[in-house]
Amino acid sequence: MKKAVLSEGYYETPNPYVNAPSCHVNLLELSRYARKKGKKLADLSQDEVNQFLI
């Protein structure tokens with residue numbers, strides 16, 4: 001994940017009046033997995049994250 005390329009819009013201030021783009025990852029299940037493994041989300045490998053793609 002450290003080498004992932006982020007779009008410029010990632011760093012923009014969110015607009016609460018516009019729907020956010022989908023991130024294509026089930027964040028709830030990903031965070032549960034990370035908690036179960038005792039890791040931070042930022043410390044998960046790309047393979048671990050890929051398990052939760054929508």
Notebook entry, point to check: How close do L30 and V49 get, heavy atom to heavy atom, and via which atoms?
Noted result: CD1-CA, 4.1 Å
Next item on the list: Heavy atoms only: give me the nearest S31-L41 pair and the separation to one decimal.
Entry: CA-CD2, 3.9 Å
Margin query: Looking at E48 and K37, is any side-chain nitrogen of the basic one under 4.0 Å from a carboxylate oxygen of the acidic one?
Written below: no
Notebook entry, point to check: Can you name the residues that form a side-chain contact (heavy atoms from CB on, under 4.5 Å) with R32, not counting sequence neighbours?
Noted result: L28, E29
Next item on the list: Output the distance between atom SG (C23) and atom CZ (F52), rounded to the nearest 0.5 Å.
Entry: 13.0 Å
Checklist line | Distance (rounded to the nearest 0.5 Å) between L44 CG and N50 CG | finding: 11.0 Å
Note to self: Grouping I, L, V, M, F, W and Y whenever their side-chain heavy atoms are under 4.5 Å apart, do L53 and Y33 come out in a common cluster?
What the structure shows: yes
